[in-house]
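When reading the values below, keep in mind they use all heavy atoms of this one structure, side chains included, and skip hydrogens, waters and symmetry mates.
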Amino acid sequence: MRDDWMNARTTGILQALRNSHGPSWLVSYSLPSPQPPAGLEQAISVTSDNGDIYEAIKAGANEPWTISYPEGGDRFHGTEAELRAHIKRLISAGSPAKTAP
C-alpha cells in the first residue's frame with residue numbers, strides 16, 4: 001500500500017486522500033491504539049512461581065481493579081501495566097493480604 005501511495009497508484013478514496021493531503025501524509029499517519037469500550041469489564045490473571053493465581057477485574061473505566069489471591073484481596077487504581085507491577089510486589093512481599101476499602 002505504501003508503494004502504491006507514494007507512486008500515485010491508488011484509486012477511489014485513497015487517491016482523494018493522497019491528492020488532498022500529499023504523499024508524505026501516510027508516513028506520519030498512525031492508527032490509534034485500540035481501547036476497550038467504556039463500561040466493559042477487563043480481567044487479567046497472573047500466576048506466581050509457586051502456582052498461586054492472582055486475578056484482577058476492572059468493572060469500568062473509572063473503577064479500581066479488584067485483585068483476588070489466595071491470601072486475600074486488594075483494590076488498585078492504575079493502568080494494566082501498573083497493576084501488573086503491583087501484583088509482582090504483592091507476590092514478592094509474601095506478606096499477609098491487605099484489604100483496602
Side-chain angles (χ1 to χ4, degrees):
M1 180 176 158
R2 182 179 177 274
D3 288 340
D4 287 345
W5 179 274
M6 295 305 286
N7 294 308
R9 292 188 304 247
T10 58
T11 60
I13 188 84
L14 289 177
Q15 182 177 8
L17 277 171
R18 186 184 189 282
N19 290 344
S20 64
H21 291 77
S24 61
W25 175 78
L26 185 62
V27 174
S28 62
Y29 180 80
S30 63
L31 293 172
S33 299
Q35 299 293 322
L40 283 187
E41 187 175 274
Q42 291 177 281
I44 67 162
S45 179
V46 176
T47 304
S48 67
D49 291 340
N50 69 357
D52 287 345
I53 298 173
Y54 291 68
E55 295 176 317
I57 297 172
K58 187 173 187 178
N62 295 323
E63 297 295 320
W65 291 93
T66 302
I67 308 167
S68 300
Y69 49 100
E71 296 87 14
D74 196 5
R75 291 169 60 97
F76 182 80
H77 284 274
T79 65
E80 183 177 333
E82 293 168 334
L83 170 69
R84 289 182 182 276
H86 179 69
I87 291 173
K88 285 182 181 179
R89 285 192 297 273
L90 290 172
I91 292 170
S92 66
S95 59
K98 63 174 186 173
T99 304

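Judged by distance alone, with hydrogens and angles left aside, the side-chain atoms of His86 form no donor-acceptor pair with the main-chain N or O of Glu82 at under 3.5 Å. When atom types are taken as modelled, the side chain of Thr47 and the backbone of Gly51 share no donor-acceptor pair closer than 3.5 angstrom.
Contact of the Ile44 side chain with the Lys58 side chain is not registered, since no non-hydrogen atoms from C-beta on lie closer than 4.5 Å. By the 4.5 Å heavy-atom criterion applied to side chains, Ile53 and Tyr69 are not counted as neighbours.
Heavy-atom minimum distance, Ser45 versus Arg84: O-NH1, 4.4 Å. Ile67 and Phe76 make their closest contact through CD1-CB, 4.0 Å (heavy atoms, listed as atom of the first residue, atom of the second, distance).
With sequence neighbours left out, Asp49 forms a side-chain hydrogen bond (donor to acceptor under 3.5 Å, both in side chains) with no residue at all.
Under the 4.5 Å side-chain heavy-atom criterion for Ile, Leu, Val, Met, Phe, Trp and Tyr, Val46 and Leu83 are members of the same hydrophobic cluster.
Between the CD1 atom of Ile57 and the CD atom of Glu55 there is a distance of 6.5 Å, given to the nearest 0.5 Å. Residue His77 holds its NE2 atom at 8.0 Å from CD of Glu63, rounded to the nearest 0.5 Å. Remark: Trp65 CH2 to Ile87 CD1 distance equals 8.5 Å, nearest 0.5 Å.
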**Q.** Steps toward side-chain contact (heavy atoms from CB on, under 4.5 Å) verdict (Tyr54, Ser68)
**A.** CA-CA 6 Å; Tyr54 291 68; Ser68 300; over 6 Å; no

(Q) Show, in sequence, the C-alpha distance, side-chain angles and deciding distance for Asp52 and Glu71, and conclude whether the side-chain contact (heavy atoms from CB on, under 4.5 Å) test is met. (A) CA-CA 9 Å; Asp52 287 345; Glu71 296 87 14; 3.7 Å; yes

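Within a 6.0 Å sphere centred on CG of Asn50, other residues, nucleotides and ligands contribute more than 12 heavy atoms.
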